[in-house]
Visitor: 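Provided herewith is a single structure, encoded as structure tokens, for subsequent inquiry.
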There are 2 protein chains.
Amino acid sequence: MTQGVGDLDLSVGYALKQAAVALRTAMDAGLRPLGLSVSQYSCLELLGQRPGLSAAELARGTFVTRQSMHAVLLGLEERGLLERAAAAPQGRALPTQLTQAGREILAQASGIVAAVEGRMTAALSAAEKRRLLADLAGCVAALSGDREE
Amino acid sequence: MTQGVGDLDLSVGYALKQAAVALRTAMDAGLRPLGLSVSQYSCLELLGQRPGLSAAELARGTFVTRQSMHAVLLGLEERGLLERAAAAPQGRALPTQLTQAGREILAQASGIVAAVEGRMTAALSAAEKRRLLADLAGCVAALSGDREE
DNA sequence: TGCGTCATGTCAGCATCCTGACATAGTGTG
DNA sequence: CACACTATGTCAGGATGCTGACATGACGCA
């Protein structure tokens, strides 16, 4: 046993990586006119949907480390797209909110990204989309949670 | 119009990114004992299945740029895991091949990665796996090929 | 033959993201 | 109260990947 990976064309992992790269590339190209990176957009989008999140919460929501999110936040704050509380109202977490400029650029970016995602899933019916979502969620759960058995 | 992305939990792109990150993290953890990064493993795996590929072909096969692959090849060559032809037998492409040491470490790495992928897709039947593969391939095709009609 | 185009290898610079580490604030436990 | 533990923000260093650029070799076309 201890068989290898086998034909790459039959590997879910290979296809997953390919799809993720294709999506990231398409988003990057679409967002470039706005001067936003995918990471910056992800941060804005999450913050737009859930105002007041802290840096650590934003990091978990965008699947990066606190340190990476910290750098992203510094850039966005310098551009005036978001504001961070100067002092922590509780604990050490500093709540973050979009500024008016941030909301405006997010609206544009969100439309662009929605178009990209729409193009990506155009060939899928609503039911197929839900199925794909469920499959991906299952893969995530299988990888992150259970450690042996 | 120009609606935004909407609820992230219903976004295929969000789930795709999450799954890709989870897979990469799991592979990274599994390969760390061997001293291999995911990029290095990807290169070795592709080279093992298709010996003699050039750097540019390896780059396309692992979804990175030629420049990134160049750096990966330098590291693997220095470790004695692969050999590159000194001169180009045709054109400028330098064919690359695994050394014996490369084949040995690839065998171990491939087993580890296969186990990770197996864990990821354990909940899926063979038919569901094919369906997921087809869906992902469809997403890639929809994003990469057609530029407006 | 000469020229334009393309693919490849390579160098330089920049952005992103990671691990490791440290200080601080809250919480639980003896 | 003292101590351990966790969560958060932040700094430092290194690894990785990208864009831009340049030179070289192969090919097609006039």
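All values reported here derive from a predicted model rather than from experimental measurement. Letters A, B, ... mirror the listed sequences (proteins, then strands); counts begin at 1.
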Visitor: Could you pick out which residue, B/Val72 or A/Arg84, lies toward the 5' side of DNA chain D when each is mapped onto its nearest nucleotide?
Guide: A/Arg84
Visitor: Just checking, is any N or O donor in the side chain of B/Ser54 or B/Glu57 under 3.5 Å from an acceptor N or O on the other one?
Guide: yes
Visitor: Could you identify which residues of residues 74-83 of chain A place a heavy atom less than 4.0 Å from some atom of DNA chain C, listed by residue number, or say none?
Guide: none
Visitor: Of all nucleotides in DNA chain D with an atom under 4.0 Å from a non-hydrogen atom of chain A, which is the first and which the last going 5' to 3'?
Guide: D/dT8 to D/dC11
Visitor: Suppose the criterion is side-chain hydrogen bond (donor to acceptor under 3.5 Å, both in side chains): which pairs have a residue in residues 16-29 of chain B, not counting sequence neighbours?
Guide: B/Asp28-B/Arg32
Visitor: Mind jotting down which residue pairs meet the side-chain hydrogen bond (donor to acceptor under 3.5 Å, both in side chains) criterion with at least one end in residues 71-81 of chain B? Sequence neighbours excluded, please.
Guide: none
Visitor: Using whole Å, report how far CG of A/Leu31 lies from P of C/dT16.
Guide: 12 Å
Visitor: Who are the side chain to side chain contact (heavy atoms under 4.5 Å, CB included) partners of B/Ala109, not counting sequence neighbours?
Guide: B/Leu31, B/Leu34, B/Leu36, B/Tyr41
Visitor: Between A/Gln90 and A/Val38, who's closer to the 5' end of DNA chain C by nearest nucleotide?
Guide: A/Val38
Visitor: Side chain to side chain contact (heavy atoms under 4.5 Å, CB included) with A/Leu94: which residues, sequence neighbours excluded?
Guide: A/Arg84, A/Ala88
Visitor: Quick one, which residues of residues 52-71 of chain A touch DNA chain D with a heavy atom under 4.0 Å?
Guide: A/Ser54, A/Ala55, A/Ala56, A/Arg60, A/Arg66, A/Gln67, A/His70
Visitor: Does any pair with a residue in residues 120-129 of chain B pass salt bridge (Lys or Arg N to Asp or Glu O under 4.0 Å), and if so which ones, sequence neighbours excluded?
Guide: none
Visitor: According to the side-chain hydrogen bond (donor to acceptor under 3.5 Å, both in side chains) rule, which pairs have a member within residues 59-73 of chain A, sequence neighbours left out?
Guide: A/Thr65-A/Ser68
Visitor: Let me know the distance between CG of B/Asp28 and P of C/dT19, rounded to the nearest Å.
Guide: 8 Å
Visitor: Just to verify, what does A/Thr121 make a side chain to side chain donor-acceptor pair (under 3.5 Å) with, not counting sequence neighbours?
Guide: none
Visitor: Mind jotting down which residue pairs meet the ring pair (Phe, Tyr, Trp, His ring centres under 6.0 Å) criterion with at least one end in residues 87-144 of chain A? Sequence neighbours excluded, please.
Guide: none
Visitor: What pairs of residues pass the ring pair (Phe, Tyr, Trp, His ring centres under 6.0 Å) test when at least one of them lies in residues 3-23 of chain A, not counting sequence neighbours?
Guide: A/Tyr14-B/Phe63
